[in-house]
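Nothing here was measured: the structure is a model prediction, and the numbers come from that model.
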Amino acid sequence: MSRRKEIELTAEERKQFLAEAKTIILSSIDHRGYPHTVPMWFVVDPQGDILMTTYGKSQKAVNLRRNPRAALLVESGVAYHELKGVLIRGQARVIEDFEKVLATLKLVHQKYYGEVGGGIEEAMEAQARKRVVIRVTPERTSSWDHRKLGGGY
């Protein structure tokens, strides 16, 4: 009998796990059909979409323009009984709007460093001219928390 339902994270647990996570793994598909997998800093918007920025000419942006299917993974734990994660599959949009890029850069900065101030905004404006937003809208989500097994398998 499958114990998948026993270890699945609730919607609130997934939301909390993603809010606390520092790095998400983004997988896109390259022109040869292979996964292209990279770590990214990110934020979750109020609708549940995952937002991150990258250089407009980066391989991940090129891949996602060609094929918008993406997978995102956040995980934690070392031993089997500690494993916890969320796998999101969805459609990615590459957004080239300066104001949206700048707003996303600010949100990411706030998540990792706190409030934006002291000349940082000017540096972000310069960065935003070269960057794009990757917005992934979840279509399918899987999650697990092996701690819910209580040490038994």
Asker: Considering only heavy atoms from C-beta outward, does the side chain of T37 approach that of L26 to under 4.5 Å?
Answerer: no

Asker: Any sub-3.5 Å donor-acceptor pair from K148's side-chain atoms to E8's backbone N or O?
Answerer: yes

Asker: Does M40 share a hydrophobic cluster with F17, counting links as ILVMFWY side-chain heavy atoms below 4.5 Å and allowing steps through other members?
Answerer: yes

Asker: Same hydrophobic cluster for Y34 and L73, using side-chain heavy-atom links shorter than 4.5 Å among ILVMFWY?
Answerer: no

Asker: How close do A61 and T54 get, heavy atom to heavy atom, and via which atoms?
Answerer: CB-CG2, 4.2 Å

Asker: Group every Ile, Leu, Val, Met, Phe, Trp and Tyr by side-chain heavy-atom contacts under 4.5 Å, then state whether V38 and Y112 land in the same group.
Answerer: yes

Asker: With the 4.5 Å side-chain cut-off for hydrophobic clustering, are I120 and V43 part of the same group?
Answerer: yes

Asker: Please tell me if the side chains of L102 and M124 come closer than 4.5 Å, counting only heavy atoms from C-beta onward.
Answerer: yes

Asker: Atom CE in M52, atom CG in L105: separation rounded to 0.5 Å?
Answerer: 13.0 Å

Asker: When you check the gap from the basic side-chain N to the acidic O, do R147 and D145 get nearer than 4.0 Å?
Answerer: yes

Asker: Can you name the closest pair of heavy atoms from F42 and L18 and give their distance?
Answerer: CZ-O, 3.4 Å

Asker: Mind checking whether E115 and Q110 have side chains closer than 4.5 Å, heavy atoms only?
Answerer: yes

Asker: Please lay out, stage by stage, how R14 and T141 fare under the test side-chain contact (heavy atoms from CB on, under 4.5 Å).
Answerer: CA-CA 10 Å; R14 284 192 310 268; T141 302; 3.7 Å; yes

Asker: Measure the spacing between CZ of R89 and OG1 of T137 and express it to the nearest 0.5 Å.
Answerer: 15.0 Å

Asker: So, the side chain of K84 versus the backbone of E75: is there a donor-acceptor pair under 3.5 Å, distance only?
Answerer: no

Asker: Looking only at heavy atoms, what is the nearest atom pair of V136 and A70, with distance?
Answerer: CG2-CB, 4.4 Å

Asker: More than 12 heavy atoms of other residues, nucleotides or ligands under 6.0 Å from NZ of K22: yes or no?
Answerer: yes

Asker: How about E121 and H109: do any of their side-chain heavy atoms sit closer than 4.5 Å?
Answerer: no

Asker: Are a donor atom and an acceptor atom from the side chains of S28 and R69 found within less than 3.5 Å of each other?
Answerer: no

Asker: Indicate whether any N or O donor in one side chain lies under 3.5 Å from an N or O acceptor in the other, for T104 and T53.
Answerer: no

Asker: Check for me, please, whether I29 and I88 land in the same ILVMFWY cluster - side-chain distances under 4.5 Å, paths through other members count.
Answerer: no

Asker: Between E96 and R131, does at least one N-O distance fall below 4.0 Å, as a salt bridge requires?
Answerer: no

Asker: E13 side chain to T10 main-chain N or O, any donor-acceptor pair under 3.5 Å?
Answerer: yes

Asker: Could you measure the distance from the NE2 atom of H146 to the CD atom of E82? Nearest 0.5 Å is fine.
Answerer: 11.5 Å

Asker: Please check if the side chain of S143 supplies one atom and the backbone of L9 the other of a donor-acceptor pair under 3.5 Å.
Answerer: yes

Asker: Rounded at 0.5 Å granularity, tell me how far OG in S58 sits from CD1 in I134.
Answerer: 6.0 Å

Asker: To the nearest 0.5 Å, tell me how far I95 CD1 sits from K100 NZ.
Answerer: 5.5 Å

Asker: Could you give the distance from CD1 (I25) to CG (L87), rounded to the nearest 0.5 Å?
Answerer: 11.5 Å

Asker: For a quick test of reading the model, state the closest non-hydrogen atom pair linking P68 to Q91 and the distance between them.
Answerer: CG-OE1, 3.2 Å

Asker: What I'd like to find out is whether the side chain of V132 reaches to under 4.5 Å of the side chain of R65, using heavy atoms alone.
Answerer: yes

Asker: Between the side chains of Q16 and E12, does any donor sit under 3.5 Å from an acceptor?
Answerer: no

Asker: Tell me, do K111 and L107 make a side-chain contact under 4.5 Å, heavy atoms counted?
Answerer: no

